[in-house]
Each structure stands twice: as structure tokens, then as C-alpha cells.
Trainee: 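Quick one: the structure is below, questions incoming.
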Amino acid sequence: MRRQKRIFVIVIDSLGIGVMPDGEKFGDIEVNTLGHISESVEDFQIPTLQKLGLANLTPLRQVPEVARPLGYQAVLKEKSNGKDTMTGHWEIMGIETKKPFKTFTEHGFPKELIGELEKRTGHKVIGNKSASGTEIIEELGEEEIATGHMIVYTSADSVMQICGNEETFGLEELYRCCKIARELTMREEWRVGRVIARPYIGKKKGEFERTSNRHDYALKPPMRTALDVLQDHGFDVISVGKIRDIFDGEGITKAYKSKSSIHGMEQTNEIAGKDFHGLCFVNLVDFDAKWGHRRDPEGYAKELEQFDKGLSVLLETLREDDLLIITADHGNDPTYTGTDHTREKVPFLAYSKSMEGGGRLSEQDTFAVIGATILDNFGLSMPEGTIGASLLGELK
């Protein structure tokens with residue numbers, strides 16, 4: 001296959017396809033996000049993903065394998081020590097995270113951190129526990145509106161999330177408090193991967209609704225990634241969804257913020273109709289945030305069906321000199337116990353109209369084959385200290 005002018009990488013956030021060999025160490029036994037979604041629903045129609053060979057990677061009850069799939073398929077294992085969003089995305093672009101990010105799932109954040117946060121922001125903290133974002137707003141939203149207190153919570157991820165009502169707490173005040181929280185959580189004993197502003201609207205229980213003005217304050221990657229190399233050499237690096245936040249803007253030349261995963265695919269299809277030279281890197285977060293963490297396999301299945309429709313449009317729009325790669329960053333089996341991510345392998349689907357071949361590639365030991373393949377396509381090398389070997393020579 002000749003080298004391509006444009007590469008699209010779409011991360012279906014949390015679409016794992018089977019437990020990692022070390023899954024038990026992470027508390028994950030016999031998990032399989034995609035496989036268990038298929039087992040949980042009667043009808044499951046994903047014809048475009050089927051043509052690309054997704055069902056060839058893990059058995060699906062309603063979706064048979066195809067004998068001659070479009071393009072190439074592989075299973076990717078995670079080399080890093082973790083199962084969260086930042087770890088997965090950073091590995092895709094070459095970083096092996098050996099020391100996992102801190103989590104505060106069991107007991108909330110330490111009183112010393114909360115005290116410092118209250119002192120610096122001027123707001124009393126309420127919540128301070130692991131919770132669903134929608135549920136904690138229902139529980140404490142009225143109190144926050146009445147008192148000016150600040151809702152702080154965490155999850156199974158390495159995150160501090162802060163809620164603020166846009167009409168009473170104020171969006172700019174919420175962002176100010178999150179910046180202070182990010183500064184405080186740079187200390188090693190409190191170091192979290194992301195501080196997330198979670199604004200919402202509404203005046204009482206039953207009316208609260210989160211808005212699209214979420215903002216992530218992430219750690220910067222600890223080293224240069226494939227994105228930095230692309231930017232340094234003058235290539236476009238276009239992000240869609242929360243990619244910019246995950247990399248704290250490093251290596252990104254243009255960013256599109258998405259309101260939903262459906263909107264993210266609409267943006268991707270729009271970008272595909274424009275001219276650029278380089279990478280379009282997409283994260284579709286609703287699969288994880290709306291359905292995986294909330295343990296809703298039916299909702300997850302319907303979201304995949306919606307994605308499949310948008311994907312069919314993208315395949316029509318792609319040019320001869322485009323390469324599409326579809327993957328994931330971790331698992332989040334909606335049939336498993338708890339609300340945490342699950343330690344899983346992820347799919348690698350690669351397609352170009354210029355491909356003459358196709359079929360199953362061998363299982364890969366790291367997500368970083370993606371970043372290495374992208375740079376190889378543009379005649380570039382991975383930065384020093386990163387991992388990953390290119391698969392470009394196998395895509396014919």
C-alpha cells in the first residue's frame with residue numbers, strides 16, 4: 001500500500017474485546033465489553049463494522065464473521081500498567097505508563113487535600129466520594145445551589161471531578177476552582193490524571209442536566225509522543241472530542257470539541273470532506289461515560305449501531321489516499337460488577353480504498369503500533385523513549 005496523505009484514528013472509548021492475560025491482577029475476570037454486549041441484547045446491527053472484520057476478532061451472537069473483510073484486523077494488548085483513558089491514549093501514541101495514576105475510589109480525597117482546596121477556592125466541599133456524576137448532582141445539586149458549596153467527587157478513574165451549576169455557581173468560577181485543584185493535585189501524594197469541570201443546569205431534582213461545557217485539566221504527557229513529531233514536521237494534527245484534553249494540547253494543531261459521540265462522528269465526516277495533510281485523531285466518549293460506567297449494555301449496543309451508520313458515511317467520503325484506523329483505549333464491560341473500567345485487549349481495524357489485500361494480523365503486544373504506523377506512513381520515526389513498531393509494511 002502506498003503512503004497516505006491523511007490518516008483517521010477513531011477511538012471507540014472503552015470498546016474492549018476480551019480480558020488481558022493479567023486481568024485478574026486488576027480485578028477483572030472473564031470480561032469482554034463487546035462480546036457481553038452482544039450476549040445481552042436480542043438485536044444488534046453493525047453492518048459496517050462487520051464488513052471491516054470486527055466480529056472476526058471476538059465472537060458476536062448476532063454478527064457472523066466475514067470471509068473477506070475490508071482491510072486488516074488485529075487484537076492489541078496493553079503494555080502499560082493501567083486501564084484508564086490517559087494510559088490507553090498515551091500508549092496509542094507511544095508512551096508506556098509503568099506507574100499507574102493514583103485513584104481515591106474507596107474513601108474519597110484526603111482531608112488535607114480537601115481542606116487546602118476549600119481554603120484556596122473559598123467554597124466548602126460537599127460529596128467527596130466515588131459516585132456517578134448524574135447521581136451526585138441529583139443528590140447534592142439543590143444544596144450546592146442554596147449554599148454555594150462545591151460538589152467534588154471521583155470515580156474508579158484517576159480523576160477529581162467538580163460540579164458547578166452554570167446559572168448559580170457560574171462557569172468561569174467552576175473553571176477557576178478546577179485550575180486550583182489541578183495545581184494542588186500536582187503534588188505526588190495527591191497526583192491524579194485529570195481534574196474535570198462538570199457543569200450542569202437546572203434548579204431542582206429531576207431537572208438537572210449536564211452540559212457540553214465540560215473541561216478536562218490533564219497532566220502533560222511525560223515525554224514527546226507521535227503527535228509532537230507530526231506537529232514538528234508541519235503535518236496537521238486535528239483532534240475531535242477529548243483528545244486535546246487527554247494530551248493537554250501537546251502536539252495538537254486544531255481541536256474540535258464534541259457534544260456527544262454522534263456529534264463527534266458528524267464532525268469527523270465534515271473534516272473528511274475538507275483538505276488536510278496529516279492526522280485526524282478522534283475520541284468518542286459516550287460509549288464509556290454514558291453506557292459502560294452506568295452498566296447499560298442495551299444503551300451501549302444502540303450507541304454502536306448509531307456509530308456504525310456514521311461510519312458508513314465516512315467510508316464513502318474517504319479518498320484513495322486516506323487510511324482509517326479504528327481502535328479503543330481500554331474496556332468497560334457493562335455486564336461486570338461495579339462501575340470501573342475493565343482491563344481488556346482492544347481492536348485494530350485498518351482500511352484504505354487503496355488497499356489490495358486484507359485479513360487478520362497477528363496479536364500485537366502494545367497499542368503503540370498505531371502511533372508507530374502513523375509516523376512510518378509519513379516517513380518519520382517514533383521519539384526517543386517511546387514504544388511501538390510500525391505495521392505499515394503489513395497493510396498492503
Side-chain angles (χ1 to χ4, degrees), residues 13-14 85 103-105 107-109 114 117-118 121-182 185 192-218 241-242 245 257-264 283-300 302-303 306 332 334 338-341:
D13 201 309
S14 82
T85 295
T103 57
F104 296 90
T105 310
H107 305 293
F109 298 102
I114 294 299
L117 184 61
E118 290 178 333
T121 63
H123 295 277
K124 180 183 175 183
V125 167
I126 54 177
N128 189 26
K129 60 184 178 181
S130 180
S132 154
T134 51
E135 289 175 2
I136 202 163
I137 290 170
E138 281 296 296
E139 177 189 346
L140 299 174
E142 290 181 354
E143 180 181 349
E144 187 226 37
I145 291 169
T147 62
H149 297 339
M150 182 168 67
I151 301 171
V152 174
Y153 69 105
T154 189
S155 69
D157 276 347
S158 176
V159 292
M160 173 183 278
Q161 308 200 63
I162 303 179
C163 301
N165 187 290
E166 288 193 8
E167 298 155 309
T168 57
F169 197 91
L171 200 55
E172 290 308 313
E173 177 64 6
L174 176 61
Y175 292 161
R176 182 187 75 86
C177 294
C178 286
K179 288 175 184 176
I180 292 169
R182 176 70 280 177
T185 55
V192 295
R194 287 175 293 159
V195 173
I196 306 177
R198 287 289 198 177
Y200 66 98
I201 55 174
K203 293 181 171 59
K204 61 182 181 180
K205 288 182 182 179
E207 295 180 356
F208 295 133
E209 183 179 344
R210 295 201 295 197
T211 76
S212 60
N213 290 319
R214 162 183 170 159
H215 187 77
D216 293 37
Y217 299 83
K242 65 179 184 178
D245 291 336
K257 195 172 183 180
S258 303
K259 298 176 183 176
S260 65
S261 289
I262 292 172
H263 182 223
N283 174 277
L284 304 176
V285 70
D286 286 351
F287 298 96
D288 184 51
K290 281 191 172 181
W291 316 118
H293 284 304
R294 297 183 192 176
R295 295 302 188 245
D296 185 344
E298 293 82 7
Y300 206 130
K302 289 176 183 175
E303 190 82 36
Q306 286 294 113
N332 199 345
T339 61
D340 195 0
H341 294 153

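Bear in mind that the values here come from a model prediction, so they are computed numbers and not experimental data. For reference, positions follow the sequence shown, starting with 1.
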Trainee: So do Glu172 and Glu166 actually touch side chain to side chain, heavy atoms under 4.5 Å?
Mentor: no
Trainee: Please name the pair of heavy atoms, one in Thr121 and one in Arg176, separated by the smallest distance, quoted to 0.1 Å.
Mentor: O-NH2, 2.8 Å
Trainee: For Ser258 versus Gly241, what's the shortest heavy-atom pair and its separation?
Mentor: OG-N, 3.4 Å
Trainee: Cut-off 3.5 Å, side chains only: do Asn332 and Arg294 have a donor facing an acceptor?
Mentor: no
Trainee: Can you find a pair of side-chain heavy atoms, one from Gln161 and one from Val152, that are under 4.5 Å apart?
Mentor: no
Trainee: Less than 4.0 angstrom from a charged side-chain N to a carboxylate O is my criterion; do Arg214 and Asp245 meet it?
Mentor: no
Trainee: I'd like to know whether Phe169 forms a side-chain contact (heavy atoms from CB on, under 4.5 Å) with Cys177, so could you lay out the CA-CA distance, the side-chain angles of the two residues, the decisive distance to 0.1 Å, and finally the verdict.
Mentor: CA-CA 11 Å; Phe169 197 91; Cys177 294; 4.1 Å; yes
Trainee: Mind checking the CD1-NE2 spacing from Ile162 to His123? Nearest 0.5 Å is all I need.
Mentor: 10.0 Å
Trainee: Would you give the length of the straight line joining atom CD of Glu143 to atom CD1 of Ile126, rounded to the nearest 0.5 angstrom?
Mentor: 4.0 Å
Trainee: Within the supplied structure, the quantity of interest is the number of heavy atoms (other residues, nucleotides, ligands) at a distance under 6.0 Å from Lys257 NZ; does it exceed 12?
Mentor: yes
Trainee: With distance as the sole test, does Ser158 use its side chain to make a donor-acceptor pair with the main-chain N or O of Gly193 at under 3.5 Å?
Mentor: yes
Trainee: Please tell me if the side chains of Cys163 and Tyr200 come closer than 4.5 Å, counting only heavy atoms from C-beta onward.
Mentor: yes
Trainee: Assess the side chains of Asn165 and Glu144: does a donor N or O sit below 3.5 Å from an acceptor N or O?
Mentor: no
Trainee: For Tyr153 and Ser132, which heavy atoms make the closest approach, and how far apart are they?
Mentor: CE1-C, 4.3 Å
Trainee: side-chain contact (heavy atoms from CB on, under 4.5 Å), that's the test. Do His341 and Asp157 meet it? Break it down for me.
Mentor: CA-CA 8 Å; His341 294 153; Asp157 276 347; 2.7 Å; yes
Trainee: Donor-acceptor check, side chain of Arg194 to backbone of Met160, threshold 3.5 angstrom: yes or no?
Mentor: no
Trainee: Nearest 0.5 angstrom please: Leu174 CG to Met150 CE, how far?
Mentor: 9.0 Å
Trainee: Can you check whether Ala218's main-chain N or O pairs, donor with acceptor, with Asp216's side chain at less than 3.5 Å?
Mentor: no
Trainee: Kindly give the heavy-atom pair with the smallest separation between Val192 and Val195, and that separation in Å.
Mentor: CG2-CG2, 4.3 Å
Trainee: For Asp340 and His293, test the side chains for any donor-to-acceptor distance below 3.5 angstrom and give the result as yes or no.
Mentor: no
Trainee: Quick check for you: to the nearest 0.5 Å, what is the distance between Lys129 atom NZ and Ser155 atom OG?
Mentor: 14.0 Å
Trainee: Rounded to the nearest 0.5 Å, what separates atom CD in Gln306 from atom OG in Ser260?
Mentor: 10.0 Å
Trainee: Considering non-hydrogen atoms only, spot the tightest contact between Tyr217 and Cys178 and give its length.
Mentor: CE1-CB, 3.5 Å
Trainee: Can you check whether Asp13 reaches Lys242 side chain to side chain, under 4.5 Å on heavy atoms?
Mentor: yes
Trainee: Do Phe208 and Ile201 have side-chain heavy atoms sitting under 4.5 Å apart?
Mentor: no
Trainee: Quick one: CG on Leu171 to OG1 on Thr211, what's the gap to the nearest 0.5 Å?
Mentor: 6.5 Å
Trainee: What pair of heavy atoms forms the shortest contact from Gly133 to Arg210, and how long is it?
Mentor: CA-NH1, 3.5 Å
Trainee: Report yes if the side chains of Phe104 and Ser130 come closer than 4.5 Å at any heavy-atom pair, otherwise no.
Mentor: no
Trainee: Less than 4.5 Å apart, side chain to side chain, heavy atoms only: is that true for Thr134 and Glu209?
Mentor: no
Trainee: Do the side chains of Thr154 and Thr103 get nearer than 4.5 Å, heavy atoms only?
Mentor: no
Trainee: Under 30°, 30 to 60°, or over 60°: which ring-plane class applies to Phe287 and Tyr300, parallel, tilted or perpendicular?
Mentor: tilted
